[in-house]
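Note that ligands are numbered from 1 as they come in the structure, with each ligand's atoms numbered from 1 the same way.
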Amino acid sequence: AQRRGHHVVGIVGAYSGKIPGVALTKTLDLTQLDQLEAFALELFPDAIVNCAAISEPKDCEADPQGSRLLNVALPEKLALLSRHLFATLIHISSEQVFDGTQELYFRDSPTSPTNEYARQKRESEEAVHSICAEFATTLRLPLLMGNSLGRDRSMHERLFAAWSQGQQTPLFTDEIRQPCHVENIASVMVELCERSDLKGVYHWAGEKSLSRFEMGQRIVRHFGLPEDLIIAAQRGDDPRFAHRQARLVFDLTPLASKLKTQPPCFSDQLDTLIVPRNAQAWYHSI
Ligand SMILES: NC(=O)C1=CN([C@@H]2O[C@H](COP(=O)(O)OP(=O)(O)OC[C@H]3O[C@@H](n4cnc5c(N)ncnc54)[C@H](OP(=O)(O)O)[C@@H]3O)[C@@H](O)[C@H]2O)C=CC1
Ligand SMILES: Cc1cn([C@H]2C[C@H](O)[C@@H](COP(=O)(O)OP(=O)(O)O[C@H]3O[C@@H](C)C(=O)[C@@H](O)[C@H]3O)O2)c(=O)[nH]c1=O
């Protein structure tokens, strides 16, 4: 956004560090919608990009009411503000609105959420596009790759955390995802903020679909680690995981055919990953 000459204001919750490229950060509890409204009216933004959520399925199961404040009430409020401000709204939904039984998911494929998080995401899509359809683009996203600000959030960071504590990680051979790294998604979002002809719900993901086990293998090889750090597993091996969606793969044509940014290959995504701080001593010791 900075490269394109945009002025970015970042709203943060608990995060207190510097955020590269963000001119101003504002700490707000995004469950306090009156404070958000006051700030938005003061700022009068041209575009609002909503990345806030309770984004762990298990956290939404544990606290449906609390997570709804972020995952449904907040997008609703942002949609009302977008309409009032005539501001573009970019909202994020998830591949998890689908049940994972289909070979490929299209923008108009029927959704069938199988958990609280996914139900909230579908509800947020319906709210946003009924309130401010002419201003909003919702991106349904896949499993995200990248280096999180806190260094403990993404898939490779969680794997490094387990490996550096001496744990081998069981990874599903029968769970297929289409991971995409966040830098690529940020470029898509900047393009969408500059386009008025791409409103509605779109799918975006990486070029390649892989099993969680294949992802683990590619991560291990990329960092020159021993292959026995990962163990092939099946979702059904453990009743806690038997319900997990088997295959979440998107048709990307509608958006990929209109944007300069293209779905990234998996090796480009691996090249952006760094060893998380808390695993560096272990990594250099092996
Ligand atoms: N990660 C993934 O694999 C996927 C994510 N998504 C979606 O992408 C979006 C981003 O997800 P992701 O980056 O993983 O989410 P994270 O959980 O990593 O980050 C969400 C952010 O929301 C902010 N937040 C939460 N509660 C509050 C609050 N009360 N007040 C202010 N800020 C708050 C937090 O900011 P702070 O740190 O400052 O407290 C946190 O950093 C979400 O909509 C998610 O549903 C979709 C598909 C997959
Ligand atoms: C994917 C996977 C998970 N698990 C176990 C580990 C953990 O106890 C449980 C849940 O896995 P996860 O913690 O990865 O959460 P998971 O529910 O797999 O997915 C999450 O992925 C992370 C990256 C996110 O950002 C979330 O938004 C969400 O998409 O399932 C395996 O044993 N093998 C696997 O291959």
Open item on the list: Could you check whether any side-chain heavy atom of Thr261 comes within less than 4.5 Å of a side-chain heavy atom of Asn184, counting everything from C-beta outward?
Closed with: yes
TODO: Indicate yes or no: does Arg140 engage Glu125 in a salt bridge with an N to O separation below 4.0 Å.
DONE: yes
- [ ] Please round to the nearest 0.5 Å and tell me the distance separating atom SG of Cys132 and atom CD1 of Ile48.
- [x] 8.5 Å
Open item on the list: So that I can tick it off, tell me whether Glu56 and Arg153 are bridged by a salt bridge, with the cut-off set at under 4.0 angstrom between side-chain N and carboxylate O.
Closed with: yes
Open item on the list: Pairs of nitrogen or oxygen atoms closer than 3.5 Å, one from Leu70 and one from ligand 1: do any exist?
Closed with: no
Open item on the list: For ligand 2, give me the residues whose heavy-atom distance to it is below 4.0 Å, by chain and number please.
Closed with: Ser55, Glu56, Pro57, Gln96, Leu143, Arg153, Arg158, Pro170, Leu171, Phe172, Glu175, Arg212, Phe241, Arg244
Task: Closest non-hydrogen atom pair between Phe98 and Phe106, with its separation - done: CZ-O, 4.0 Å
Task: atom 34 (C) of ligand 1 within contact range, any protein heavy atom under 4.0 Å - done: no
Open item on the list: Less than 4.0 Å is my threshold; does some heavy atom of Met155 fall inside it relative to ligand 1?
Closed with: no
Open item on the list: Please report whether the ring centroid of Phe241 lies less than 6.0 Å from that of Phe172.
Closed with: yes
Open item on the list: Heavy-atom contact check, 4.0 Å cutoff: does Ser154 meet ligand 1?
Closed with: no
Open item on the list: Salt bridge or not between Lys258 and Glu191? Use side-chain N to carboxylate O under 4.0 Å.
Closed with: no
TODO: Report the distance from atom CZ of Arg247 to atom OG of Ser211, rounding to the nearest 0.5 Å.
DONE: 11.0 Å
- [ ] Examine distances only and state if a side-chain atom of Arg151 and a backbone atom of Glu157 form a donor-acceptor pair shorter than 3.5 Å.
- [x] no
Open item on the list: Just to confirm my output: which protein heavy-atom neighbour is closest to atom 28 (C) of ligand 1, and how far is it?
Closed with: Leu30 N, 3.7 Å
Task: Close-contact set for ligand 1 against Leu144 heavy atoms, below 4.0 Å - done: 1 (N), 2 (C), 3 (O), 4 (C), 5 (C)
Taking only distance into account, with no hydrogens and no angle test, what donor-acceptor pairs under 3.5 Å do side-chain atoms of residues 17-28 form with protein atoms, sequence neighbours excluded?
none

Task: Best match, Cys51, Ala53, Ala52: closest heavy atom to atom 25 (C) of ligand 1 - done: Ala53
Open item on the list: Quick check on atom 19 (O) of ligand 1 - does any protein heavy atom sit closer than 4.0 Å to it?
Closed with: no
- [ ] Could you check whether the rings of Trp282 and Trp163 sit parallel, tilted or perpendicular, using 30° and 60° as the cut-offs?
- [x] tilted
Open item on the list: What I want to find out is whether Glu175 reaches Arg244 closely enough, with some N-O distance under 4.0 Å, to be called a salt bridge.
Closed with: yes
Open item on the list: Any nitrogen or oxygen of Glu95 lying under 3.5 Å from a nitrogen or oxygen in ligand 1? Just yes or no.
Closed with: no
Task: Non-hydrogen protein atom less than 4.0 angstrom from atom 40 (C) of ligand 1 - done: no
Task: Options Ser55, Ser94, Cys180, Ser67, ranked by nearest heavy atom to atom 15 (O) of ligand 1, top entry - done: Ser55
Task: Contact with ligand 1 for Gly150, non-hydrogen, under 4.0 angstrom - done: no
